[in-house]
Amino acid sequence: MPKEDKNEQKALTKRSDDFSQWYQDVIVASDLAENAPVRGCMIIKPYGYALWENIQKEIDAILKDMGIENAYFPLLIPESYFKREADHVKGFSPELAVVTHGGGKKLEEPLVIRPTSETIIYDAFSRWIHSYRDLPFVVNQWANVVRWEMRPRLFLRTTEFLWQEGHTAHATAQDAKEYALMILDKVYKKFAQEYLAIPVFTGQKSESEKFAGALSTYCIEALMQDGKSLQMGTSHDLSDHFAKSFHVQYLDDSGERKFVHQTSWGVSTRLIGGIIMAHGDDKGLIFPPKIAPIKFVIIPICKNADEPAMSAAKEIFAIVSKIGKGKLDERLNLRAGEKFYEWEKKGVPVRIEIGPKDLEKKSCVIVRRDTGEKESCPIDAIVARIQEILDDIQKNLYARALEKRDASIKIADDWIGFTAGIEKGGYVFAYWCEEAKCEEEIKEKTKATSRCLPFDGKEEKGEHVCVHCKKPVANKKRWVFAKAY
RNA sequence: CGGAGAUUAGCGCAGUUGGUAGCGCGCUUGGUUCGGGACCAAGAGGUCGUGGGUUCAAAUCCCACAUCUCCGACCA
C-alpha cells in the first residue's frame with residue numbers, strides 16, 4: 001500500500017469537507033470521550049476529564065474568591081416539585097427522566113432525575129431563609145443532570161452532562177438582576193475570554209429563548225468555526241416566580257413578610273465542545289494553555305533509554321515542569337513522527353524535541369501547536385521561553401477567534417441583506433420586533449434564531465423597522481441573529 | 001417524532017447459487033529500524049444484536065423485536 005494512502009486513513013476529516021464529522025473524529029482521535037452504551041450518554045475519558053477538572057478548578061476558584069460556597073443537593077426530586085412553577089414544568093416536562101420503581105416496588109410518587117435543581121434547592125431555601133439579614137443567600141453546586149434530548153451530540157448536548165449551577169436569593173428585584181448580570185460578566189465572560197480564549201457576546205435572550213420559569217435570561221454566545229453560534233453559559237433573573245411557588249420569604253427590617261428575588265446560573269461540559277469548535281484545526285485539537293491538561297510534551301529523539309538525549313529530556317522535563325503539568329514521552333516503541341502526530345491531535349500547546357543534534361548545540365527544538373512554528377532554543381533559557389510561548393499562544397488563540405468572529409458580523413437593514421448574511425454563516429445584526437411569531441417565521445425561513453440583544457450594542461438614532469415583518473420597533477439597538485447549536 | 005443507515009475479533013470492515021468465518025488497524029513475542037504516521041516473522045483474539053421460522057445444514061433465506069449512529073424538528 002502506498003504511504004499516502006495509509007496516512008489518508010489515519011487523517012481526520014477536514015473541517016471544510018464535513019465539520020460535524022470532523023468534530024466527532026477529533027473527539028475520538030484525541031481520546032477525550034466516546035459514546036456510552038446508552039443513547040446520548042458519553043464516557044468522558046481521562047484526558048477529557050482532566051480538561052473538565054481544569055475548567056472546574058478555575059471557575060471554582062473564581063466563585064470562591066467571590067465568597068460563594070459549594071453544597072450538594074440530591075439527584076432525585078419528587079415529581080410534584082416540578083409542578084409547582086407553571087412555566088418551569090411546561091418547559092422541562094418533555095425532557096424529564098423519571099424513576100417509577102425502587103427496591104422492586106412501584107413508588108408512591110415518581111422521582112424525577114434532576115434536569116436542573118431550582119425546585120429542590122428553593123424548597124430548602126424556604127426553610128433556610130427567614131430574615132433580610134440572611135440575604136443575599138448564595139450557593140453553588142457541581143453536579144450531573146439529565147435531560148432526555150432528542151438529538152444528542154458529544155459534549156454539546158448529552159443526555160447526562162456535568163455542570164455547575166449557582167442559586168441565589170435577594171431582597172429586591174434590582175439586587176437579583178444586578179447579581180445575574182454580575183455573574184455573567186465577572187465569571188462567565190471573563191472565564192470564556194481569559195481562560196478559554198473564546199470571545200463572547202453578552203446579552204439578553206428573547207422571550208422564546210429564555211429559561212423556563214425565568215423573568216430574563218442573560219447569556220454568553222460564541223462563534224464556532226462552521227459559522228454557527230454556541231450558547232456557552234446562561235444566567236437567569238428568576239424574579240419572585242419560584243419564591244412564590246416554593247414560599248421563599250423573609251422578614252424585612254420593618255417586619256414585613258416579603259418574597260425573595262432569585263437568580264440561577266450555569267455552565268456545563270458543553271464548554272468543551274466550544275473549545276474544540278472554536279480553536280481546533282485539521283490536525284486536531286488546540287487547547288488554550290491556561291486550561292490544557294498537558295501544557296507541553298517533551299519528546300527525546302533516541303533509540304534506547306540509556307542515551308544522552310533521554311537523560312537530557314528528563315532534566316529538561318524536571319525544570320520546565322515548574323511552569324505546569326507536562327508530559328515526557330519516554331516510549332521507545334514509537335518513532336518520533338508518530339508521537340508528533342499524536343500530541344498534535346491532542347492539542348498540547350507546545351512540543352519540545354531533544355536529540356543528538358540539539359545536544360551538540362546545547363539547545364532543543366520548540367514547536368508551537370497554534371502556528372506550527374519551530375524554533376531552536378538554548379537549554380538554559382528554556383523555562384522563560386516556554387512560558388513566553390504559552391502566554392503568546394493564549395493571546396494568539398483569542399486574537400484569532402476574535403478576528404474570525406468580527407469578520408463574520410454583518411449588518412442587515414432589510415430581509416434580503418438578512419438572508420444573505422445568514423447564508424454566509426456567522427452573525428447578523430438587525431432590528432427586530434421581538435415578537436415570538438416573527439422569530440418563528442425567521443427560523444422557518446433561514447434556520448437562524450435570535451441569539452441575544454447584546455449589552456454593548458450601540459444605539460442608533462432614527463426610526464427603525466423589524467428586518468422581517470417591517471413593524472416599527474421601539475428598541476434603538478440591534479439584535480444578534482445566527483444559526484445556533 | 002420524521003428520514004436514512006448500521007449491528008460479524010478491541011476498532012474499522014469483507015463475507016450469495018445456504019456447507020460452521022476472513023482482511024486491515026491495534027495487541028503480544030522476537031528481530032531490523034528510529035529528527036514527521038517504519039518493516040519482517042510468528043502469535044493471541046469470534047455465543048456473527050435478540051427471539052422465532054424454513055432446512056440434513058443459516059452470518060447468509062423469511063418473520064418479529066431490540067439497540068446504536070447520522071441528518072432534521074426540540075434543547076445547556
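The figures here come from the full heavy-atom set of this structure, side chains too, leaving out hydrogens, waters and symmetry mates. Each chain gets a letter, A, B and so on, in the order its sequence line appears, and its residues count up from 1.
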Atom-to-atom span, CD of A/E444 to P of B/G72 - whole angstrom = 17 Å

inquiry  = According to side chain to side chain contact (heavy atoms under 4.5 Å, CB included), who are the partners of A/D18, at least two apart in sequence or on a separate chain?
reply    = A/T13, A/S20, A/Q21

note = With sequence neighbours left out, the residues meeting side chain to side chain contact (heavy atoms under 4.5 Å, CB included) with A/K424 are A/K410

Look at all strands and tell whether [X] reaches a base, only sugar-phosphate, or nothing, counting heavy atoms closer than 4.0 Å.
X: A/L156; answer: base
X: A/T234; answer: nothing
X: A/G355; answer: base
X: A/Y485; answer: base

If the condition is salt bridge (Lys or Arg N to Asp or Glu O under 4.0 Å), which residues does [X] pass it with, not counting sequence neighbours?
X: A/K445; answer: none
X: A/D123; answer: A/R127
X: A/D87; answer: none
X: A/R369; answer: A/D281

request  = Would you jot down, in residue-number order, the residues of residues 356-377 of chain A having a non-hydrogen atom under 4.0 Å from RNA chain B?
outcome  = A/P356, A/K357, A/D358, A/V365, A/K374

For [N], what is the paired nucleotide under Watson-Crick or G-U wobble rules, both distances under 3.5 Å?
N: B/U69; value: B/A4
N: B/C56; value: B/G19
N: B/C48; value: none
N: B/G43; value: B/C27
N: B/G36; value: none

Which listed nucleotide ([options]) is nearest to the side chain of [X]?
X: A/E353; options: B/G37, B/G35, B/C74; value: B/G35
X: A/R335; options: B/A76, B/C34, B/A73; value: B/C34
X: A/E149; options: B/C70, B/A76, B/G36; value: B/A76
X: A/R147; options: B/A76, B/C74, B/G36; value: B/A76
X: A/E338; options: B/A73, B/G37, B/A76; value: B/G37

request  = Mark this stacking check for A/F340 against B/G37 as yes or no, applying ring centres under 5.5 Å and ring planes under 30°.
outcome  = no

query = Looking at A/K443, does any N or O in its side chain come under 4.0 Å of the phosphate oxygens OP1/OP2 on B/C74?
reply = yes

What are the atom names and distances for every N/O pair under 3.5 Å that joins the protein to nucleotides 8-13 of chain B?
none

Any Lys/Arg nitrogen of [X] or [Y] sitting under 4.0 Å from an Asp/Glu carboxylate oxygen of the other?
X: A/E221; Y: A/R405; value: no
X: A/K210; Y: A/E207; value: yes
X: A/E375; Y: A/R368; value: no

Separation of the [atom1] atoms in [N] and [M], to the nearest angstrom:
N: B/C23; M: B/A9; atom1: P; result: 14 Å
N: B/U50; M: B/A66; atom1: P; result: 15 Å
N: B/G46; M: B/U20; atom1: C1'; result: 12 Å

request  = Kindly indicate whether the side chain of A/E344 and the base of B/G37 share any N or O donor-acceptor pair separated by less than 3.5 Å?
outcome  = no

task = Any ring-ring contact (aromatic ring centres under 6.0 Å, His included) involving residues 203-228 of chain A? Give me the pairs, sequence neighbours left out, ordered by first then second residue.
result = A/H88-A/F211, A/F92-A/F211, A/F211-A/H236, A/Y218-A/F455

Might you list the N or O atoms of the protein lying below 3.5 Å from N or O atoms in nucleotides 66-69 of chain B, with each pair's distance?
unit_1	atom_1	unit_2	atom_2	d
B/C68	OP1	A/R39	N	2.8

5′-ward residue of the pair A/R270/A/L332 relative to RNA chain B = A/L332

request  = Could you check A/S20 against A/N304 and say which one's nearest nucleotide on RNA chain B is further toward the 5' end?
outcome  = A/N304

inquiry  = Going by salt bridge (charged side-chain N to carboxylate O under 4.0 Å, His left out), name the pairs with one or both residues in residues 26-44 of chain A, residues two or more places apart or in two chains.
reply    = A/D31-A/K45, A/E34-A/K45

key: All pairs passing salt bridge (charged side-chain N to carboxylate O under 4.0 Å, His left out) where residues 153-170 of chain A contributes a residue, at least two apart   = none

message = I'd like to know if the side chain of A/Y47 and the backbone of A/K346 have a donor-acceptor N/O pair within less than 3.5 Å.
response = yes

